[in-house]
**Q** 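Sharing a structure with you now.
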Amino acid sequence: MIAIVACAIAAFAAQTPQMPATLGIGRPAMPAEISAWDIDVRPDGVGLPPGRGAVTEGETIYAARCASCHGKTGKEGPNDRLVGREPGDAFPFGRDPQRPKTIGSYWPYATTVFDYIRRAMPPNAPGSLQSGEIYGLVAYLLFLNDLIPADAVMDATSLPKVVMPARDRFVPDPRGGPKSVNPRSRP
Amino acid sequence: MKVSRRRVLATAAGAVALGRTAAMQSPAPAPAASDPSKAPGRPARTLGQRAAFEKPQRITRGATGSQTPHQDLYGTITPADLHFERHHAGVPEIDPRSYSLLIHGMVERPMMFTLADLKRFPSVSRVCFLECSGNFNRAAPPETTPQQLAGMTSQSEWTGVMLSTLFREVGARPQATWFLAEGHDAALLARSIPVEKAFDDAMIAYAQNGEAIRPEQGYPARLLLPGWEGNSNVKWIRRIELSDRPFMTREETSKYTDPLANDTARIFSFVMDARSLITYPAYPVTLTRGWVEINGIAWSGYGKIQRVDVSTDAGRSWASAKLQEPVLPKAHTRFRHLWKWDGGEAIVLSRAVDETGYVQPPRAELLKTRGPGAANYHLNPVTGWLVRSDGAVVYNQEAWG
């Protein structure tokens, strides 16, 4: 009986085609299509577009397009607080949930500010800012966080060089990855 | 006291659990308006609807989220229209005819796939839960329903193409260790995911419970990372870029990181730990003395639920609940435990154990390990309900610590 079942499975398996290396479904992506969508910016600066923006230029755009939700100086809300440093650049957030997580106190990379504004801000008109305007806004927000001087200009070369106070605060998850599970190291 | 509770039941939370309370409490059925055997019923129709008496509803949390009414559900599949939602810039409306998924970066052949292309690939279906990593109401008052406590987890049968199939099609390079997944919503929400997950069990899903995915869940296609925090399961996915390092987007740095007491923060804490939720009895149910079937759901992002312990004496003793077969990995698993309530005050708790041996921790242990500021993400403490001597069931986490 078992032998018969085994034979039947073997015969069935023989009819199942091997999965080919590729199935030939889909089409090549054109370089122009890729560059139209490829907007991400990495911490090493890869992905930053040409253009530049100064703190003073950012100040004007911020007042017109951001201050209503993030406050006059980036601290007043009503939406996410963007400005503020911890005394001595401490990182007390695990001890005190009340401490505000801002660009200056919590964000590990300055490039993320560019990446995020380009993706999502302002929420009522996402994608409406030019690269130069975004560089200016990033410069102004970094200036408000005391990370760059008032006369600084941000571009693809200068932005990745800005070192954020929280850069080395992030640690890998000790609970284990998808395969290496070590229950003793959790929670 | 009794009056005010009734009033709460009838108003604020009334719609939430009445069906179940009535069904399980009242011995005599309410008289039917008319005898259905004395007149022909309604004709067939093209689209089914719930019985007029059943009105389960999500609760919205502002414009960007809604919660599943666990207290109204009996099994493990969440009806798609009751699946929780969470988004960062609203639900986009995407025309499936103009939909494309771009896969590029560290690949041999950058490619575009239409929705029809995705459906031509060999497909798979799997049942798994999704859970927002912020799925815990830390300051829940006594009048908290299961929906309000942990309504940001739901379960579906998902169908789509394995991401590994697509990665073979484009020729993922061996140096690629991460990929960026980007949605086509107004936040172009983006997360970096280890390529290891793509070759483990990640999918591009286009169907939910047998039909096209709902807009709130990512229509027409989404990334599905079984067992991983909801936010990383990027919806409305339009682009995947393979790379040899993570991209450090806002959603994986400013948000979805977990500050610890030792002045660091966990980053890329993807997996949802084991957890359980008693869905009956729970607020706003009022129990009557006698046999009660305690039941609920348990799940773990690390694999199968191995056991669910239930306590009816505030954690002094525990008994193993019955698990509904089949117990699937990374899936809501229904547990049930028969209990005779004698009318005294009681605290019922549940505790999940997964196949790695991990035991769902008490709240105090979680906060001790992570620190009092433990962010709102990845909190999975043991929870339960306080049954008052008058039968009222309320939430009261101080009672079990």
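Proteins get letters first, then strands, A, B, ... in listed order; numbering begins at 1 in each.
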**Q** Just verifying a value: how many Å separate A:R167 CZ and B:T253 OG1, rounded to the nearest 0.5 Å?
**A** 14.5 Å
**Q** Using non-hydrogen atoms only, which part of B:T114 is less than 4.5 Å away from chain A: side chain, backbone, both, or neither?
**A** neither
**Q** Ignoring hydrogens and geometry beyond distance, is a side-chain donor-acceptor pair present between A:Y106 and B:T257 at under 3.5 Å?
**A** yes
**Q** For a quick test of reading the model, state the closest non-hydrogen atom pair linking B:A187 to A:A120 and the distance between them.
**A** CA-CB, 3.9 Å
**Q** Kindly indicate whether the side chain of B:E241, heavy atoms from C-beta on, has any atom under 4.5 Å from the side chain of A:D38.
**A** yes
**Q** Below 4.5 Å, heavy-atom pairs only: which of A:F170, A:Y109, A:W37, A:Y116 has the largest tally toward chain B?
**A** A:W37
**Q** Below 4.5 Å, heavy atoms only, C-beta onward: do A:I34 and B:R239 meet side chain to side chain?
**A** no
**Q** Which heavy atom of A:G26 sits nearest a heavy atom of B:M111, and at what distance?
**A** C-CE, 3.6 Å
**Q** Quick one: are A:D115 and B:F247 in side-chain contact, heavy atoms under 4.5 Å?
**A** no
**Q** Side chain, backbone, both or neither: which part of B:H378 has a heavy atom under 4.5 Å from chain A?
**A** side chain
**Q** Looking at B:R109, B:H88, B:E182, which has the largest count of heavy-atom pairs under 4.5 Å with chain A?
**A** B:E182
**Q** Measuring only between side-chain heavy atoms, which start at C-beta, is B:P122 closer than 4.5 Å to A:L23?
**A** yes
**Q** Please rank A:D96, A:I39, A:T111 by heavy-atom pairs under 4.5 Å with chain B and give me the top one.
**A** A:I39
**Q** Among the options A:P20, A:A29, A:P97, pick out the one with the most heavy-atom pairs lying under 4.5 Å from chain B.
**A** A:A29
**Q** What part of B:A265 gets closer than 4.5 Å to chain A, counting heavy atoms only: side chain, backbone, both or neither?
**A** both
**Q** Within the supplied structure, the quantity of interest is the number of heavy atoms (other residues, nucleotides, ligands) at a distance under 6.0 Å from B:Q175 CD; does it exceed 12?
**A** yes
**Q** At what distance, to the nearest 0.5 angstrom, does CG of B:L260 lie from CZ of A:F93?
**A** 13.0 Å
**Q** Would you mind telling me which of B:H104, B:E251, B:M112 has the largest number of heavy-atom pairs within less than 4.5 Å of chain A?
**A** B:M112
**Q** Side chain, backbone, both or neither: which part of B:E169 has an atom under 4.5 Å from a heavy atom of chain A?
**A** both
**Q** Under 4.5 Å between any side-chain heavy atoms of B:S100 and A:E33, yes or no?
**A** no
**Q** Are any of the side-chain heavy atoms of A:R118 and B:L188 separated by less than 4.5 Å?
**A** no
**Q** I want to check something: taking the side chain as every heavy atom from C-beta on, are A:D80 and B:K255 in contact at a cut-off of under 4.5 Å?
**A** yes
**Q** For atom CZ of A:R52, is the number of surrounding heavy atoms from other residues, nucleotides or ligands below 6.0 Å larger than 12?
**A** no
**Q** Which heavy-atom pair separates A:P126 from B:A186 by the least distance, and what is that distance?
**A** CB-O, 3.4 Å
**Q** Check whether B:F121 gets within reach of chain A through its side chain, its backbone, both or neither, counting any heavy atom under 4.5 Å.
**A** both
**Q** Name the region of A:P123, side chain, backbone, both or neither, that has any atom closer than 4.5 Å to a heavy atom of chain B.
**A** neither
**Q** How many angstroms lie between atom CG of B:L118 and atom CD1 of A:I25, to the nearest 0.5 angstrom?
**A** 9.5 Å
**Q** Looking only at side chains, do A:R42 and B:S243 share a donor and an acceptor under 3.5 Å apart?
**A** yes
**Q** Examine whether an atom of B:L180 lies under 4.5 Å from a heavy atom of chain A, and if so say whether it belongs to the side chain, the backbone or both; otherwise answer neither.
**A** side chain
**Q** Can you tell me how far apart OG1 (A:T112) and CZ (B:R250) are? Round to the nearest 0.5 Å.
**A** 11.0 Å
**Q** Do A:P43 and B:R245 have side chains that get closer than 4.5 Å, going by heavy atoms?
**A** no
**Q** Say you draw a straight line from CE of A:M19 to OG1 of B:T165; how long is it, rounded to the nearest 0.5 Å?
**A** 4.0 Å
**Q** Got a donor-acceptor contact below 3.5 angstrom from the A:R95 side chain to the B:G371 backbone?
**A** no
**Q** What part of A:V41 is in contact with chain B, defined as an atom under 4.5 angstrom from a non-hydrogen atom: side chain, backbone, both or neither?
**A** backbone
